[in-house]
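First comes the structure, then the notes that go with it.
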Number of protein chains: 2
Amino acid sequence: MYKLFFESFNRKVPLTAEEEKQIKQYLTPKKLRKKQYLLQEGDVCRSVAFVEKGALRAYSVDDKGGEHIIQFGLEGWTIADLFSFLTGEPATYNIDAIEDSELVLISKSAQEELLQRFPKYETFTRLNITGAYLAMQRRLTSIISFTLEERYTNFISLYPDIAQRVPQHMIASYMGLTPETLSRVRQKMIRR
Amino acid sequence: MYKLFFESFNRKVPLTAEEEKQIKQYLTPKKLRKKQYLLQEGDVCRSVAFVEKGALRAYSVDDKGGEHIIQFGLEGWTIADLFSFLTGEPATYNIDAIEDSELVLISKSAQEELLQRFPKYETFTRLNITGAYLAMQRRLTSIISFTLEERYTNFISLYPDIAQRVPQHMIASYMGLTPETLSRVRQKMIRR
DNA sequence: AAAATACATTGACAAAGATCAACAGGAAAA
DNA sequence: TTTTCCTGTTGATCTTTGTCAATGTATTTT
């Protein structure tokens, strides 16, 4: 239990056995079946989820019912509506499972105590959010600077695992495209 | 000196006079004239800059010479090529001054010592990067979900100060558009 | 096994945005 | 002052992407 979570933690900030044992008490495991919601728009996001196994997506829904994926969460990543989690405002994103998944939940109160009690946890959190920031900046740069084909190639080589496990229309959504357009980009690339 | 920096710091994490005095020793002031570079693509980003006064932009340049603004930095914001700063790899962004500016620089070694010596500095850093992450996520959501007009309106109401002080073609670049397209969006909005 | 659903592809057409070129006003530089 | 450069606008046209509809296939559900 919590295997990947502590692997990831120790890689960033090494823990003693005792620390690990104490931190464990703040964690809650959760399993999610494919298509189940972890969070629905309008609800308050009460915990951050570390993905031990499986795949999730966070997305918003526009007036016309269109879904826009803001983030994927595969093994080793953290997923949440961070703004809602931090402020207590209603969530603007939905989060659901693309595959059967196993999560480690950290509630708001757990997060607060962990930050207070364990300086190493604050470092872990800081490094995580920094990594997430850099990943998102790369994505944004890609969007405003490159052609579709470059962006898609980029995505594939950066996240081959996502490309393989997730349906293409979701990748289109993540890229801000219609499924048809992505399909055509791929055809063009294959014909070479 | 460093007035805004410590205001911002104290708002997030209150400091004693003694702490403030000690932290000051790690900071370096720098003035930049309009159009001067703080960082050029290919160089290593050796410090993070807090903007005390003025306005800067971080941008990448594509093969055809097109500029793509990834971030503005006005008073109270921090600007850097964070990836380059953290890894020591050559920077992929340029940073220059849009107006005459005054900065507070924190070098890599200063950053490391501050993080080690002052838990409050780590908290400050964590809160800063979290804020930057949330701002970027809002921007990304806007890009993949909304129409141009919605995005522009959104931008204006979120950053009225940027909209006023920065030339429109830079805002177009920030939005991933040509100046002509942004001009047309504005005309359409004015005619109502 | 049959039916229903989800997924990817293709075509025809419409809409959005980019490109190229010209022009005008204002600020900065000479 | 005169000149140059920077900025924003507009028009005409081209390219890219979206929309709508149809189709085939795989996957899930019953």
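Just so we're on the same page: letters track the sequence lines, and every chain starts at 1. Worth saying up front: this structure is predicted, and the values here are computed from it rather than measured.
Using a 4.0 Å heavy-atom cutoff across all strands shown, A:G66 reaches no nucleic acid atom at all.
Within the structure, the side-chain hydrogen bond (donor to acceptor under 3.5 Å, both in side chains) test picks out the following pairs touching residues 169-178 of chain B (sequence neighbours left out): B:T178-B:T181.
Sorted by residue number, the list of members of residues 139-157 of chain A with any non-hydrogen atom under 4.0 Å from DNA chain C is empty. Residues from residues 162-173 of chain A with heavy atoms under 4.0 angstrom of DNA chain C, sorted by number: A:P167, A:Q168, A:H169. Heavy-atom distances under 4.0 Å link DNA chain C to A:E180, A:S183, A:R184, A:R186, A:Q187 of residues 180-190 of chain A, given in residue order.
Remark: A:K35 does not engage A:D96 in a salt bridge, criterion side-chain N to carboxylate O under 4.0 Å. Look at A:E149 and A:K188 and you find no salt bridge, because none of the NZ, NE, NH1 or NH2 atoms lies under 4.0 Å from a carboxylate O.
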Are any protein N/O atoms closer than 3.5 Å to N/O atoms in nucleotides 24-28 of chain C? If there are, list each pair with its distance.
none

Under 3.5 Å, side-chain donor or acceptor atoms of residues 69-81 of chain A against the rest of the protein: list the pairs with distances, not counting sequence neighbours.
from  : atom 1 : to     : atom 2 : distance (Å)
A:Q71 : NE2    : A:T78  : O      : 3.1
A:E75 : OE1    : A:R165 : NH1    : 2.9
A:E75 : OE1    : A:R165 : NH2    : 3.4
A:E75 : OE2    : A:G54  : N      : 2.9
A:E75 : OE2    : A:R165 : NH2    : 3.2
A:D81 : OD1    : A:F83  : N      : 3.3
A:D81 : OD1    : A:S84  : N      : 3.1
A:D81 : OD2    : A:T92  : N      : 3.0
A:D81 : OD2    : A:Y93  : N      : 3.3

Name each donor-acceptor pair under 3.5 Å that joins a side chain in residues 21-33 of chain B to protein atoms two or more places apart or in another chain, with its distance.
from  : atom 1 : to     : atom 2 : distance (Å)
B:Y26 : OH     : B:E113 : OE1    : 3.2
B:Y26 : OH     : B:R117 : NE     : 3.2
B:Y26 : OH     : B:R117 : NH2    : 3.1

Considering only distance and modelled atom types, tabulate donor-acceptor pairs under 3.5 Å from the side chains of residues 40-53 of chain B, sequence neighbours left out.
from  : atom 1 : to   : atom 2 : distance (Å)
B:E52 : OE1    : B:L4 : N      : 3.1
B:E52 : OE2    : B:L4 : N      : 3.2
B:E52 : OE2    : B:F5 : N      : 2.7

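Taking CD1 of A:I143 as the reference point, atom CZ of B:R139 lies at 9.5 Å (rounded to 0.5 Å).
Interface limits on DNA chain D: the 5'-most and 3'-most nucleotides within less than 4.0 Å of chain B heavy atoms are D:dC6 to D:dA12.
Overall bending of the helix from C:dA1-D:dT30 to C:dA30-D:dT1, expressed as the angle between end axes built from five pairs apiece, is 50° (10° steps).
With sequence neighbours left out, the ring pair (Phe, Tyr, Trp, His ring centres under 6.0 Å) criterion links A:Y159 to A:F155. Residues forming a salt bridge (Lys or Arg N to Asp or Glu O under 4.0 Å) with B:E7 (at least two apart in sequence, or on another chain): B:K3.
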